[in-house]
Each structure stands twice: as C-alpha cells, then as structure tokens.
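Inspection log for the structure reproduced underneath, given as structure tokens.
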Amino acid sequence: MNFPEELKYTQEHEWIKIEGNTAIVGITDFAQNELGDIVYFDIDSVGETVNAGEVFGTVEAVKTVSDLFMPVTSEIVEFNKNLESSPELVNSDPYGKGWVIKINIKNPDQLSGLLDAAAYKKLIGV
Amino acid sequence: MENTETILKKVPLNDLHTALGAKMVPFAGFNMPVRYSSDLDEHNTVREAVGIFDVSHMGEFMVRGKGALDLIQKVTSNDASKLFNGKIQYSCLPNSDGGIVDDLLVYKINNEKYMLVVNASNIDKDWNWISSHNSFEAQLENISDQTALFAVQGPKAAEALQGLTSLNLSAMEYYTFEIVDFADVANVIVSATGYTGAGGFEIYVPNDKAVFVWSKIMEAGKAFGIKPIGLGARDTLRLEMGFCLYGNDIDDNTSPIEANLGWITKFNKDFINSKSLKEQKDKGVSKKLVGFVMQERGIPRSHYSIVDADGNKIGEVTSGTQSPTLSVGIGMGYVSIPYTEIDSEIFIEIRNKKHKAKVVKLPFLKK
C-alpha cells in the first residue's frame, strides 16, 4: 500500500493535499482496500462549510457504507464529478483521479493536528 | 477488547484462504473469507464462468432410524414425505410463536437416513430445538465439525468438475444429490444446489480431505477460469435471486407466511405451530416480504425505513445492495399489505431523504 509523503492524513482515513488556502481531499489506499469495490458517493454538501470532524458525505462499497469526515473546517467548493459515473476510480487511483472534494480551508490552525505519512502508517499498523 | 482470534472457529482451509490473500472476517463464529480480490469481479466470475466458495461453516446433522421422517415432519414446514432417495428439499423450522428457528435443506439418503443442512449461526440453536422435539427415537448426530462444504457455482461448473467424477454432472436435476467417488475420495456428497442462481454444485467432504479436494477442484477448474469467491459476493449473488438470508430477511420473529415461504409450508401434515400458521394463511397477514428496485440513485441497506409518498413508515429493508449485474440498487423488505402489489411505489429512507423505489416480482435477475 502506498502513502505519499507529501500528503497529510486523518484518523478517519482521509488524505488531504494542501495548496495554500485550498486543498484536495480523498480517501487513503488503506481505506479503499478495506471498503472493497466502491459503487457510489453521496455528497450533496458542495457550497457548504463543514466543521472539522463532521460528516460531509458518504461512500458506499458493495458491502459497506462509510461516512466521510472533514479533515479541517472548510467550505466544499467542488465534488469530483467523475466519481458519479466511475466511483471505482477511488479503488484504482485513490490519490489521483479518485480525489473526492476540493475545499477552501477556513481554519488553517487545525492543519497542525493532521498526521504525516509515518504517523498514519503507524495508526493502521503497516 | 477481547481477542476474537482465539475464540473464532477455523475452517480446515483457514490458512489456505489467508495464503490466497483473502480478507478474513468473523462470520457466525467462524473466521471466514469475505473477499479474495474484488466483490464485483468475484460476483461476475460466478455469473459468467465458475467460482468456488468455502462454506464449511454451514452445519450438518444426520437423522437416522425408523423415527427419522416423523421427527423431520414434526420440526419442518415442508412435506418431507414427498422426498425420494437422492432428493433435496428447501424447508424451515418454525418456532412455537410464529417465527422461524432457521431455514434449511433436507437431504433424503434413504428411508432411515436423512441429512439436514443448517445455517452456521444457528447450529447450536437448531440442534437443541430439534433434539427437544425428538420424541420419535430418531438418532441425531451433529457432523458439522467434521464436514467441509464447497459450493462450485456458475454456468461452467459442470464442465469444470466433470473430470473429477464418473457421475454425469450436467444431467443432474436441480435439488438432487448422489454419494460418489469424487477427486479420488470415496463417499462424497455431490449436490446440484447452491445459493447463487448461477447453477452448480455443493460438495460435502470430510475435513481431513478438504484441502486435497479443494486443490483438485482448483486444478480441474483452471482451464475454465475458476476463482475462489468470498462471502461478500455470495451475498450479492443470493440477493439478485431474491433468496432469503436468515438473520436478515427471516428470523425468530418473521413467519413463513409473511416471508413468502408459503410454498414450503404444507398444511397437509401436522408440524410445530402449523395450526396458527394455517390461520395466518387463511386470515391473511399485515405485512409481507417484497423485492424492490430503486427508481432513484441510492443503495438500500438493511434496517432502512420504507415509507409512503407522505413519509409515513410502511416497512423496513431487510437486505439491500447495488446489484453488480443490474447496476442499480435492489433490496428486500417487509411492507404493509397494500404496498405488496407488484409495481407499488414505495420510498426508501436513506440518510433522512426519501428515494423512490418500485415493488417488483422476484427474482431481480430474470433467466
């Protein structure tokens, strides 16, 4: 399993790629592997500001449903439209074509609470 | 937390599944493979070619003696007197309060020898229940811990297995079995049954021959693209056929009449709770199990509420998934009688939002 060094991670198995005040969020290689074949994303919070740790959407695999949690308090500016027709991109390319949302970070102070790759790997025991 | 590893039962192939890369999960007290590679790929393999499931966690009881049929007739709802040697019947064990102890298969080996195949999660419950009603001096033996079971399912199953037995597999009728030499092992039960709707066989072998027979099947099936299939795909395959899963669609509190199992509930004989079930059948019930297909994007899951157009609760989902074959949300659930008619418009409440669905005739997957 792959956990790029340049990304930050959450305890809820999201990754976040920070670019100034904006960021891209997805789910980790570990998460997609645990979920199995992903068949649906239910995200209708675009345009809303969601607090850190709150649910911004749901991912459904064949066998399981999981909530998606906001890494840092942010406004959701975009949902990856490609996931509507091809949610399996998250299985095949979780850090690339399988990105989930773009956000405007509202509270940058929270970034320091995120995990780096080493800490995340320790969390999941790899 | 308690270390579940130490209390979970292991099937004979436990280490082999792990070596094959399976994700193992606790299921009915056993450590079982839920997925080897991909739920969807495994599902499609069974629909299009052939796959093998290790379902050794299932329970098997032998019922022997002169009173065997009388005991079976007393505890099961279907009419086992209709069975001939080598014939199998789907049936259920009604409880005394209108519910179902378990659903099961009844195998008739001969007039004084039957085998009952029960759900893994209910082995102890069923054993105690059947034993407690054995006033017929039948000899009961629980062979679950000595018996491995492989389901080889898919349109290529007969071809893939034919080299392992002299039995003409493609000529076998659905729900019949034979006790034969299979993969050089004597007295193997080869049964033309399954839980997928894809056709195929279930193979009962003694535990000490399990690894050998599995490897023989894998070898024979190689040319046909055989793959090991996990319990994840087993669930989506059975749901596409509208088959009930005990613990989801039927349980201690659902009656066979409500569950549309009237066809295995025969009132020409006396069995546990038959009088009250007959009354239910005659007077009608207030809810029934139906199948439904989502008309809007969304995936139904068990315990979601089923509501009418105004949001009033009319039932509850018992099983649901995205159908891998149909690429749409499908499910089963109990709804109040006015909504059981085919084409009824119902709504599934998914994360506090109503999603339109339509009641359909089962199975979801038409032949």
Side-chain angles (χ1 to χ4, degrees), chain A residues 1-2 11-13 27-48 50 54-70 76 79-94 97-98 100-101 123-126, chain B residues 5 21-27 32-47 229-240 245 248 294 296-304 317 319-331 348-355:
Chain A
M1 268 182 282
N2 173 30
Q11 309 232 1
E12 310 289 353
H13 312 291
I27 68 169
T28 67
D29 202 6
F30 174 78
Q32 70 78 20
N33 189 55
E34 286 292 305
L35 286 167
D37 294 304
I38 292 168
V39 289
Y40 184 45
F41 276 88
D42 187 0
I43 293 173
D44 55 7
S45 48
V46 174
E48 291 173 22
V50 179
E54 285 184 0
V55 174
F56 70 87
T58 308
V59 53
E60 300 219 27
V62 173
K63 292 299 298 168
T64 36
V65 187
S66 280
D67 285 331
L68 297 163
F69 297 91
M70 189 57 95
I76 301 178
F79 164 57
N80 181 0
K81 286 279 179 239
N82 289 329
L83 299 187
E84 279 183 4
S85 53
S86 303
E88 67 277 6
L89 288 171
V90 177
N91 293 115
S92 58
D93 191 10
K97 290 186 181 131
V100 180
I101 53 168
L123 174 81
I124 59 173
V126 297
Chain B
E5 290 285 321
K23 181 177 165 58
M24 304 294 283
V25 297
F27 181 86
M32 296 299 289
V34 68
R35 178 198 315 141
Y36 297 84
S37 57
S38 141
D39 296 316
L40 294 175
D41 180 58
E42 289 168 30
H43 181 108
N44 294 334
T45 297
V46 173
R47 284 273 176 262
I229 313 295
L231 294 182
R234 186 170 168 82
D235 192 46
T236 52
L237 287 158
R238 71 93 193 167
L239 187 49
E240 284 186 342
L245 172 62
N248 279 42
M294 299 307 297
E296 293 173 353
R297 193 88 194 251
I299 304 172
R301 305 281 183 182
S302 61
H303 302 303
Y304 285 2
V317 177
S319 285
T321 192
Q322 169 94 352
S323 160
T325 308
L326 306 171
S327 296
V328 65
I330 59 169
I348 312 303
E349 214 168 70
I350 305 176
R351 296 180 281 279
N352 300 319
K353 262 185 286 179
K354 280 190 325 189
H355 292 65

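Here is the naming used below: chain letters follow the sequence lines, and residue numbers restart at 1 for every chain. If you're wondering where the values come from, they're calculated on a predicted model, not measured in any experiment.
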Over 12 non-hydrogen atoms of neighbours within 6.0 angstrom of CD in Q11(A): no
At a 4.5 Å cut-off on heavy atoms, which part of I38(A) comes close to chain B: side chain, backbone, both, or neither? neither
Answer yes or no: is there an ion pair linking K23(B) with E34(A), defined by an N-O contact shorter than 4.0 Å? yes
Can you find a heavy atom in the side chain of Y40(A) that is under 4.5 Å from one in the side chain of Q322(B)? no
For N91(A), which atoms come within 4.5 Å of any heavy atom of chain B: side chain, backbone, both, or neither? neither
So does V62(A) get a backbone contact from the side chain of T321(B), meaning a donor-acceptor N/O pair under 3.5 Å? yes
Carboxylate-amine/guanidinium contact K353(B) D44(A), below 4.0 Å: yes
Check each atom of T236(B) against the heavy atoms of chain A and say whether the ones under 4.5 Å are side chain, backbone, both or neither. side chain
Please report the interatomic distance CD1(I299(B)) to CG(D42(A)), rounded to the nearest 0.5 Å. 9.0 Å
Just to verify, what does D235(B) make a side chain to side chain donor-acceptor pair (under 3.5 Å) with, not counting sequence neighbours? K63(A), R238(B)
Donor-acceptor pair, D37(A) side chain versus L40(B) backbone, under 3.5 Å? yes
Would you check, one step at a time, whether the test salt bridge (charged side-chain N to carboxylate O under 4.0 Å, His left out) holds for E60(A) with R351(B)? CA-CA 12 Å; E60(A) 300 219 27; R351(B) 296 180 281 279; 3.0 Å; yes
